[in-house]
Amino acid sequence: MPSNSAAQASLPRHVAIIMDGNGRWARKRGLPRSAGHVAGVESVREVVRTAVHIGLANLTLYAFSTENWKRPLIEVNHLMALFRGYFRKDVRELRDMNVRMRIIGNRARAANDILSMIEEGESLTADNTGLNLAFAFDYGAQEEIVAAARKFAEAVKQGKMEPDSITVESFSQQLQTDGMPDPDFVIRTSGERRISNFLLFQSAYSEFLFIETMWPDFGRAEFLAALEHFAGRERRFGSVATEAVA
Ligand code: IPE
Ligand code: IPE
Ligand code: MG
C-alpha cells in the first residue's frame with residue numbers, strides 16, 4: 001500500500017531505469033565485474049520492493065541491451081546465469097506482491113531455458129493488478145522502432161492499410177511497451193549522460209535524472225530521493241506554464 005497520499009499524488013506513472021555502473025562499482029573495490037552484477041541484482045530486488053510499497057504503477061528496468069552481446073563471452077554468460085537465477089527464484093515473490101511482469105526486447109536470441117522461464121513468469125503473474133514490471137532484456141530501441149516500421153510496411157504492401165493511417169498512436173501500439181504509459185521519468189545511474197538505445201520513441205517527453213551513484217549502491221533511499229526530484233520538476237510538453245498564460 002502507498003505509504004502516504006501526498007507522495008502518491010506526485011508519483012510518476014512510469015519510471016524507467018538504466019541500471020548502470022556494476023563494473024565500476026566492483027573495480028573500485030578490487031573485485032571482478034561479475035561481483036558488481038551480483039550486487040546489482042540485490043538493487044533490483046530492493047527497487048522492485050520499494051516500487052510495490054509506494055504504489056508505483058509501472059517500472060521498466062534496463063537489464064541487457066542489444067549491444068551488450070558485444071561484451072566478452074564470459075561476462076555475457078555470467079549475466080545470463082544471473083537472469084536465470086533471478087527468474088527462477090524471484091518470480092514467486094513477484095506473484096505474491098501482486099506484480100505483473102513482462103519482458104520487452106528481442107526474444108529470438110536468448111537461450112531457450114531463459115525464454116521458458118520468462119514465459120512462465122509472465123503467465124504466472126498475468127492476472128496480477130499491482131505494479132507492472134518490465135525488464136528490458138536484449139532490448140534496443142532502434143531495433144524495436146525498425147520492427148514496428150517493418151510491420152506497417154508489410155501491412156501497406158499487402159493492401160491492408162493506407163500509409164496515412166499510421167499515426168503516433170498506432171505506431172506506439174506496435175512498440176513492445178504497448179499498454180504502458182510512456183515513461184514520465186528516466187533515471188540513469190553511474191554518471192553517464194546518455195540513453196544507450198533505451199526507449200527512444202517513448203521518452204520523447206520524459207524527465208531525466210542522471211546520478212553519480214553506481215547501480216549496486218542504488219536502493220530504497222536513493223530511489224525515494226530520485227522520486228522527490230521528479231516531484232519538483234515542471235513539465236510543459238511544449239506549452240507554457242499555466243500561470244504564464246496571458
Ligand atoms: C550495468 O553495469 C549492467 C549491464 C549493462 C548489464 P555495467 O556492466 O555497464 O557497469 P559499468 O558501466 O561497466 O561500470
Ligand atoms: C546500458 O548500459 C544498458 C544497460 C544498463 C542494460 P551500458 O553500460 O551497456 O551502456 P554504455 O555502453 O555505457 O552506453
Ligand atoms: Mg555500463
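Quick note: numbers below take in every heavy atom, side chains included, and nothing from hydrogens, waters or symmetry partners.
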Measure the [atom1]-[atom2] distance between [X] and [Y] for me, rounded to the nearest 0.5 Å.
X    : Y    : atom1 : atom2 : answer
I103 : F83  : CD1   : CZ    : 8.5 Å
N77  : S34  : CG    : OG    : 12.0 Å
I211 : E222 : CD1   : CD    : 7.5 Å
W69  : N106 : CH2   : CG    : 9.0 Å
L94  : R100 : CG    : CZ    : 13.0 Å
L133 : T125 : CG    : OG1   : 8.5 Å

Exam field: side chain [X] to backbone [Y], donor-acceptor pair closer than 3.5 Å:
X    : Y    : value
T177 : M180 : no
S170 : I166 : no
S165 : M161 : no
E207 : F230 : no
R102 : Q176 : yes
S206 : F208 : no
N197 : Q142 : yes

Any residue meeting salt bridge (charged side-chain N to carboxylate O under 4.0 Å, His left out) with E42, in chain and number order, not counting sequence neighbours
R45

Under the rule for salt bridge (charged side-chain N to carboxylate O under 4.0 Å, His left out), what residues qualify as partners of R150, not counting sequence neighbours?
none

Under the criterion salt bridge (Lys or Arg N to Asp or Glu O under 4.0 Å), I'd like the reasoning laid out for E143 against R109: C-alpha separation, chi angles, the key distance, then a yes or no.
CA-CA 13 Å; E143 196 175 84; R109 290 180 290 237; 3.0 Å; yes

Quick one: do the E75 and H37 side chains pair a donor with an acceptor below 3.5 Å?
yes

Taking atom types as modelled, find out whether S196 and R188 have a side-chain donor-acceptor pair closer than 3.5 angstrom.
yes

Taking C-beta and beyond as the side chain, do [X] and [Y] meet within less than 4.5 Å on heavy atoms?
X    : Y    : result
V38  : H78  : yes
M214 : N22  : no
V91  : L124 : yes
I17  : V47  : yes
E192 : I18  : no
V52  : N98  : no
F201 : V168 : yes
R71  : R33  : yes

Taking only Lys NZ, Arg NE, NH1 and NH2, and the carboxylate oxygens of Asp or Glu, determine whether [X] and [Y] approach each other closer than 4.0 Å.
X    : Y    : result
E144 : K151 : no
E122 : R95  : no
E46  : R220 : no

On the 0 to 90° scale, with breaks at 30° and 60°, tag the [X]-[Y] ring pair as parallel, tilted or perpendicular.
X    : Y    : value
F64  : F137 : tilted
F171 : F152 : parallel
F223 : F218 : tilted
F198 : Y139 : perpendicular

What salt bridge (Lys or Arg N to Asp or Glu O under 4.0 Å) pairs are there with at least one residue in residues 47-64, not counting sequence neighbours?
R49-E93

Give every residue pair that meets the salt bridge (Lys or Arg N to Asp or Glu O under 4.0 Å) criterion with at least one member in residues 160-184, sequence neighbours excluded.
D184-R235

Could you please spell out the steps behind the side chain to side chain contact (heavy atoms under 4.5 Å, CB included) verdict for L227 and V15?
CA-CA 9 Å; L227 291 168; V15 179; 4.0 Å; yes

Look at the side-chain heavy atoms of Ile, Leu, Val, Met, Phe, Trp and Tyr, link any pair under 4.5 Å apart, and say whether [X] and [Y] land in one connected group.
X    : Y    : value
V76  : W215 : yes
V186 : I54  : no
M117 : I104 : no
W25  : V41  : no
L131 : F87  : yes

Can you list everything that forms a side chain to side chain donor-acceptor pair (under 3.5 Å) with T189? Sequence neighbours excluded, please.
none

Pairing residues for S190 by the side chain to side chain donor-acceptor pair (under 3.5 Å) criterion, not counting sequence neighbours:
D20, R24

Taking all atoms of both residues into account, what is the closest heavy-atom pair of [X] and [Y], and its distance?
X    : Y    : value
I187 : A226 : CD1-CB, 3.8 Å
P32  : A26  : O-CB, 3.2 Å
T66  : G140 : CG2-N, 3.4 Å
P12  : L56  : O-CD1, 3.4 Å
I145 : L175 : CA-CD2, 4.3 Å
A63  : M19  : CA-CE, 3.7 Å

Determine the sole option in T60, N58, N132 for which the side chain to side chain donor-acceptor pair (under 3.5 Å) test with H14 is passed.
T60

Around [X], counting heavy atoms of other residues, nucleotides and ligands shown, do more than 12 lie under 6.0 Å from its [atom1]?
X   : atom1 : answer
R92 : CZ    : no
D96 : CG    : yes
I74 : CD1   : no

Please test V48 against D90 for side chain to side chain contact (heavy atoms under 4.5 Å, CB included), starting from the C-alpha separation and ending with a verdict.
CA-CA 11 Å; V48 169; D90 288 60; over 6 Å; no

Determine, using ring centers only, whether F135 and Y62 are less than 6.0 Å apart.
no

